[in-house]
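Index from 1, following the sequence.
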Amino acid sequence: MNNNKESNVSNDINYNICGFKSGLEELGISLSDKQMKQFIVYYELLIEWNSFMNLTAITDFDQVIKKHFLDSLSLVKAYDLSKGIKVIDIGTGAGFPGIPLKIAFPHLEVTLLDSLNKRVKFLNEVKERLAITNLETLHGRAEDFAKPEKFREKYDLCVSRAVANLSTLSELCLPYVKIGGRFISYKSEKIKEESIAAKKAIGILGGEVEKQVEFTFSDEELYRNLFVIKKIKSTPKKYPRKAGLPGKEPL
């Protein structure tokens, strides 16, 4: 028997989860058997749905573990997730980072927002199959959902791995964050110039740059730059601007 294999997780397929366990240890995260199984089922659903719709270009098990699951969880390097807070994931796509965070920290109240209905259907399937509670999915654009009273400035933490410049992301995300809360942008590169350019927009939107946390896993394959913005005052009502403008004309 291969001691590097752990089976009977799902569909009787053996998965080598040693790399996952090593990465979790590096992040200081401990998962129960149930949580590990949830991650495996999530992976299998991702691959199944990816066969007929575009969810991710990364499909190899080890790479999904590293570049999606562990990367999503690297947030712990910049933020204390031990408390039961309200989190919104803007432009969540296939559920990153929101679903890995919810699996690893089930006490979180998580909202996933994405503009593509097919992806939201996938997220709902994951929610059902994993029997996750306190997880809300929203179909629509960030510019639109920031207007209603229900969502504006209601979250302790907003996260996004979406590919956009920091000025644009700040306009899309900061309106959701309550005063004293945080918006954290996942970046995969050094963003000194981008962060300098975004300072004006961040200030207009009621935020201030709190810190940057750079992190590289020990195997040096994955580098992550977490950009932390604190909400210090309410976002002016005119922001975010109408759909499309934050991307086309950053503040």
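At least one donor-acceptor pair under 3.5 Å links the side chain of Thr168 to the backbone N or O of Pro246. Judged by distance alone, the side chain of Glu210 and the main-chain N or O of Lys230 form no donor-acceptor pair under 3.5 Å. Side-chain N or O atoms of Tyr43 include one that pairs as donor or acceptor with a backbone N or O of Thr59 at under 3.5 Å. Here the side chain of Arg241 pairs a donor or acceptor atom with the backbone of Glu249 at under 3.5 angstrom. Using a distance-only test at 3.5 Å, with no hydrogens or angles considered, no donor-acceptor pair links the side chain of Ser22 to the main chain of Gly19. Judged by distance alone, the side chain of Lys237 and the main-chain N or O of Lys147 form no donor-acceptor pair under 3.5 Å. Proximity of a side-chain donor or acceptor of Gln35 to a complementary backbone N or O of Ser32 within less than 3.5 Å is detected. Between the side chain of Arg224 and the backbone N or O of Lys187 there is at least one donor-acceptor pair closer than 3.5 Å. Judged by distance alone, the side chain of His139 and the main-chain N or O of Ser115 form a donor-acceptor pair under 3.5 Å. Distance alone, capped at 3.5 Å, is enough to place a donor-acceptor pair between the Ser160 side chain and the Ile90 backbone.
The CG atom of Asn165 lies 11.5 Å from the OG atom of Ser195; values are rounded to the nearest 0.5 Å. Taking NZ from Lys231 and OH from Tyr176, the interatomic distance works out to 11.5 Å, rounded to the nearest 0.5 Å. With values rounded to the nearest 0.5 angstrom, His68 atom NE2 is found 8.0 Å from Tyr42 atom OH. Put simply, NZ on Lys77 and CG on Asn225 are 14.0 Å apart, with the number rounded to the nearest 0.5 Å. One distance of note links CD1 of Ile229 with CD of Gln212; it measures 9.5 Å at 0.5 Å rounding. Interatomic distance, Ile65 CD1 to Cys18 SG, rounded to the nearest 0.5 Å: 11.5 Å.
With Phe151 as the partner, the side-chain contact (heavy atoms from CB on, under 4.5 Å) test is satisfied by one option alone out of Asp144, Leu138, Leu113: Leu138. For the side-chain contact (heavy atoms from CB on, under 4.5 Å) with Leu75, the qualifying choice from Val213, Val87, Val159 is Val159, the only one to do so.
Looking only at side-chain heavy atoms (C-beta outward), Leu251 and Leu205 come within less than 4.5 Å of each other. Side-chain contact between Glu125 and Trp49 is present, with at least one heavy-atom pair separated by less than 4.5 Å. The shortest distance between side-chain heavy atoms of Val76 and Phe105 falls below 4.5 Å. By the 4.5 Å heavy-atom criterion applied to side chains, Ser170 and Leu166 are counted as neighbours. Residues Lys34 and Gln38 form a side-chain contact, since some pair of their non-hydrogen atoms from C-beta on lies under 4.5 Å apart. At least one side-chain heavy atom of Arg161 sits under 4.5 Å from a side-chain heavy atom of Asp71. With a 4.5 Å cut-off on side-chain heavy atoms, Ile40 and Ile17 count as touching. Between Tyr15 and Phe20, the closest side-chain pair of non-hydrogen atoms is not below 4.5 Å.
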> So Asp156 and Lys178, side-chain contact (heavy atoms from CB on, under 4.5 Å) or not? Walk me through it.
Replying inline: CA-CA 6 Å; Asp156 303 287; Lys178 63 175 64 172; 3.4 Å; yes
>> Before you tell me yes or no, could you show the steps for Val110 and Asn134 under side-chain contact (heavy atoms from CB on, under 4.5 Å), namely the whole-Å CA-CA distance, both residues' side-chain angles and the distance that decides it to 0.1 Å?
In response: CA-CA 6 Å; Val110 176; Asn134 286 327; over 6 Å; no
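Cluster annotation: Leu123 is connected to Leu45 through the hydrophobic network of ILVMFWY side chains, with a link wherever side-chain heavy atoms come within less than 4.5 Å. Under the 4.5 Å side-chain heavy-atom criterion for Ile, Leu, Val, Met, Phe, Trp and Tyr, Leu55 and Ile103 are members of the same hydrophobic cluster. Cluster annotation: Phe96 and Val120 are assigned to distinct hydrophobic clusters (Ile/Leu/Val/Met/Phe/Trp/Tyr, side-chain heavy-atom contacts under 4.5 Å, transitive). Phe145 and Leu135 fall into different hydrophobic clusters, where Ile, Leu, Val, Met, Phe, Trp and Tyr side chains are chained together by heavy-atom contacts under 4.5 Å. Hydrophobic clustering places Met53 together with Val126 (ILVMFWY residues linked when any side-chain heavy atoms are closer than 4.5 Å, directly or through intermediates).
The pair Lys154-Glu149 counts as a salt bridge, with a side-chain nitrogen and a carboxylate oxygen less than 4.0 angstrom apart. Salt bridge status for Lys150 with Glu136: present, with a side-chain N to carboxylate O gap under 4.0 Å.
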